[in-house]
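In what follows, chains are A, B, ... by sequence order, proteins preceding strands, each numbered from 1.
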Amino acid sequence: MICRWIAFNSSKVSRTLSPFSSLLFTKSSFSVAKLEDESSPTTNFTSDLRDFYQEILFGMKKIGFREFLHGHHFRGLVSELRQVHVEEIMAELMSESSDLSVWFFKELRDIYGFRHSRFSTLLVSHIFAGQRRFKELLVILEQLLQEEGKSSTFFCSGSASLLCELLSSSFRKWESTGLVWDMLLFLSSRLRMVDDSLYILKKMKDRNLNVSTQSYNSVLYNFRETDKMWDVYKEIKDKNEHTYSTVVDGLCRQQKLEDAVLFLRTSEWKDIGPSVVSFNSIMSSYCKLGFVDMAKSFFCTVLKCGLVPSVYSHNILINGLCLVGSIAEALELASDMNKHGVEPDSVTYNILVKGFHLLGMISGAGEVIQDMLDKGLSPDVITYTILLCGQCQLGNIDMGLILLKDMLSRGFELNSIVPYSVMLSGLCKTGRVDEALSLFYDLEAYGLTPDLVAYSIVIHGLCKLGKFDMAVRLFDEMCYKRILPNSRTLGAILLGLCQKGMLLEARSLLDSLISSGDTLDIILYNIVIDGYAKSGCIKEALELFKLYGLVPSVVSYTTLMDAYANCGSIKSIEELLREMKAEGIPPTNVTYSVIFKGLCVGLKLENCNQVLRGRILEKFNHVLRDMESEGITPDQITFNTIIQYLCRVKHLSRAFELFEKMKSQNLDPTSATYNILIDSLCVYGYIRKADRFLYSLQRRNVSLSKFAYTTLIKAHCVKGDPEMAVILFHQLVDRGFDVSIRDYSAVINRLCRRHLANESKYFFCLMLSRGISPDLDICEVMIKSDELLSWTIKWGLLPDQ
DNA sequence: CTAGGGTTAG
């Protein structure tokens with residue numbers, strides 16, 4: 001019968017039918033056949049779509065919704081189903097029973113993954129609200145809001161207005177509508193859709209709808225770090241404990257710690273009295289400022305008030321103790337927790353693990369993890385991330401990769417991008433940006449979506465290593481995904497432009513950011529100032545430094561000073577140093593290394609003038625004294641700079657004294673330190689000493705760079721100890737250094753010049769045996785040597801005539 | 001209210 005009805009009607013209605021209906025017309029399936037058998041013949045042939053749905057509904061009811069919806073023909077049609085059809089059916093089902101429409105709604109959503117319209121969702125929300133099914137209400141409204149958030153555009157977040165309009169027009173008469181409004185307010189606020197929540201709140205007030213304290217508290221929470229906090233606070237009629245503790249926390253976050261303490265004591269609290277949570281906020285703030293003792297005294301106040309310190313209170317204090325390096329006291333407090341009736345949780349252990357890592361005590365961290373396991377708690381993603389971070393900071397990138405793999409095999413990385421970001425950062429910082437990039441693209445396969453931080457890390461790594469084009473590609477990809485760059489991402493791009501020498505582009509990007517009105521981070525200026533300085537445009541660097549009414553930081557000053565240092569303009573450096581000190585900006589050890597560098601370069605320039613030379617040496621000692629009096633301890637690079645300077649003025653014994661001093665201050669000399677010393681020993685002819693020095697370093701298993709070897713090898717070639725050169729060259733090869741044709745040519749060149757033909761031949765053959773073909777450069781050197789000419793011809797190395 | 005990720009200068 002239905003088939004006949006379809007045949008009759010299809011020509012009439014086909015123009016108005018949706019793909020869904022058209023398909024329904026033409027499909028002849030088991031279910032439709034069944035429908036025909038069991039439904040009564042329809043007599044009212046109308047082309048009205050609404051009636052059509054009623055017919056379908058009638059049929060569906062006859063054979064049972066479950067069977068109809070699960071029938072394979074329906075599955076085939078569902079992709080053609082439009083939200084408006086569902087709304088239509090839902091409304092019809094409502095007149096039958098609300099449970100039926102809820103069932104239809106859920107069935108479509110859960111079985112077919114159907115995305116419901118605002119209207120359908122709000123309809124079911126009202127049913128849930130009426131039946132006090134709050135959990136389900138929460139779930140579908142949260143989903144709705146998230147969908148709204150996704151579909152809103154960059155600069156317009158007015159997604160709530162559509163919902164409010166619908167609520168006011170279609171659902172005004174529903175008894176449960178106030179509840180739905182309030183829940184929407186609560187959720188939009190909790191989802192940090194701040195503008196939306198304010199819009200909803202305003203509409204609720206216009207309509208005289210009741211705003212629950214919970215929702216108000218959530219709005220308050222979002223504004224707790226701003227001036228608007230008090231406005232929201234005043235509006236709340238039935239304030240509760242949460243309201244008060246949010247205000248305390250807000251004041252703490254606004255750096256108004258004294259006001260927070262004052263608020264704690266006011267009568268605002270009526271008979272409730274301050275809660276532990278408020279004390280926790282205050283303790284946390286004091287810890288972050290490094291005032292652990294203040295935090296401790298508030299901990300005692302908690303006890304005196306007859307309140308019980310929570311696990312949070314303990315963790316906050318333990319964290320504070322770790323941050324100031326009092327790990328022993330932190331451990332003690334953790335073990336005393338049971339005296340207050342609480343037990344350490346995984347947060348406690350993670351804090352302790354981090355504490356040990358901060359002190360570089362890896363074994364201690366291991367013990368904490370063992371304690372954790374003994375307690376029946378497993379290390380979680382955060383534990384692993386802390387360990388990973390520690391390894392990366394120590395430069396043990398491969399160890400980090402192993403840790404990450406270990407995590408992966410335990411399967412709990414899936415919900416967090418953070419450990420991957422740490423790894424990406426570690427790889428980028430050690431120049432392994434290609435590995436970072438491939439890890440980055442693997443993320444999707446792990447079901448993780450890179451966020452702003454992950455993108456920024458890789459973009460920065462690419463820029464730093466000169467792969468600017470790739471960086472821009474990622475930047476575009478990120479923007480396309482609607483992940484908006486922030487000042488850190490833009491800083492990376494600026495860095496990339498400067499490194500590419502695209503200073504005009506860097507400058508115009510900076511200018512466009514300046515004209516956008518927001519106050520720019522000084523770091524962005526510093527990047528461009530450095531870009532100018534590095535390419536010798538001191539004038540432009542200075543202009544940027546002075547014109548824009550910005551407050552230069554120590555980095556701005558040091559950057560400019562470095563530009564002057566490179567051309568030995570000691571006078572300009574001194575002027576800038578005076579200026580920054582007058583501005584109350586203390587120099588750092590970076591500043592001082594730049595100053596030393598400037599003095600070294602100046603010394604080189606004034607080489608022949610004894611008077612100036614003496615004056616610079618005087619300055620050197622003066623700066624050293626200043627540094628000491630300012631309590632600035634030189635780091636490795638400062639030491640290297642000074643050592644290099646001492647070497648340059650041939651004060652080798654002073655240089656070695658400083659080298660010892662460096663070690664006594666627990667500063668591991670870097671490979672650059674060894675290079676400077678070995679090079680200087682060679683330059684001044686102390687080759688035997690250089691040999692012994694290298695040997696002592698090898699015995700101590702100190703990591704040496706290739707330069708240390710090649711320097712000494714070259715010196716032996718020049719000074720006529722080719723045997724030593726051969727021995728060292730073999731060490732170079734055996735230690736797995738990448739030995740290039742330039743290294744062979746450097747050696748052969750020097751040996752030829754000393755007429756050491758046999759040794760030249762030896763290195764030449766060694767080179768060939770390692771699969772390196774000679775180039776024109778080497779051939780020319782060999783041919784020029786009388787002793788080698790015939791030998792060279794024998795090898796067929798004469799250039800084509 | 002507590003624990004994990006990214007920026008500039010030597």
Do the side chain of [X] and the base of [N] come within less than 3.5 angstrom through a donor-acceptor pair of N or O atoms?
X: A:N640; N: B:dG10; answer: no
X: A:N350; N: B:dG4; answer: no
X: A:S416; N: B:dG5; answer: no
X: A:S593; N: B:dA9; answer: no
X: A:S425; N: B:dG6; answer: no

Return no unless some side-chain N or O of [X] is found under 4.0 Å from OP1 or OP2 of [N].
X: A:H460; N: B:dT8; answer: yes
X: A:K354; N: B:dT2; answer: no
X: A:R488; N: B:dT8; answer: no
X: A:K288; N: B:dA3; answer: no
X: A:Y525; N: B:dA9; answer: no
X: A:K597; N: B:dA9; answer: no
X: A:K464; N: B:dG6; answer: no

Quick one: label [X] by what it contacts on the DNA or RNA (base, sugar-phosphate, nothing), any heavy atom closer than 4.0 Å.
X: A:V453; value: base
X: A:S313; value: nothing
X: A:D451; value: base
X: A:T383; value: nothing
X: A:T641; value: nothing
X: A:S245; value: nothing
X: A:A454; value: base
X: A:I527; value: sugar-phosphate
X: A:T559; value: sugar-phosphate
X: A:Y221; value: sugar-phosphate
X: A:V422; value: sugar-phosphate

How close or far is atom [atom2] of [N] from atom [atom1] of [X], stated in whole angstroms?
X: A:L520; N: B:dT7; atom1: CG; atom2: C1'; answer: 13 Å
X: A:L452; N: B:dT7; atom1: CG; atom2: P; answer: 13 Å
X: A:L462; N: B:dG6; atom1: CG; atom2: C1'; answer: 14 Å
X: A:I369; N: B:dA3; atom1: CD1; atom2: C1'; answer: 13 Å
X: A:I493; N: B:dG6; atom1: CD1; atom2: P; answer: 19 Å
X: A:F475; N: B:dG6; atom1: CZ; atom2: C1'; answer: 15 Å
X: A:I573; N: B:dA9; atom1: CD1; atom2: C1'; answer: 13 Å
X: A:Q499; N: B:dT7; atom1: CD; atom2: C1'; answer: 13 Å

### Task
Using a cut-off of 6.0 Å, state whether more than 12 heavy atoms not belonging to A:E628 lie near its atom CD.
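Count not over threshold, so no.
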
Salt-bridged, [X] to [Y], with N to O below 4.0 Å?
X: A:D293; Y: A:K296; value: yes
X: A:E574; Y: A:K619; value: yes
X: A:D521; Y: A:R488; value: no
X: A:E505; Y: A:K500; value: no
X: A:K375; Y: A:D371; value: no

[options]: which one has an atom nearest the side-chain heavy atoms of [X]?
X: A:R253; options: B:dG6, B:dT2, B:dT7; result: B:dT2
X: A:N319; options: B:dC1, B:dT2, B:dA9; result: B:dT2
X: A:V594; options: B:dG6, B:dG10, B:dC1; result: B:dG10
X: A:I382; options: B:dG6, B:dA3, B:dG10; result: B:dA3

### Query
What do the steps show when you test A:K481 against A:E444 for salt bridge (Lys or Arg N to Asp or Glu O under 4.0 Å), and what is the final call?
CA-CA 14 Å; A:K481 288 189 190 169; A:E444 301 277 0; 3.4 Å; yes

### Query
Do the rings of A:F299 and A:H314 sit parallel, tilted or perpendicular, given the 30° and 60° boundaries?
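Answer is perpendicular, since the angle exceeds 60°.
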
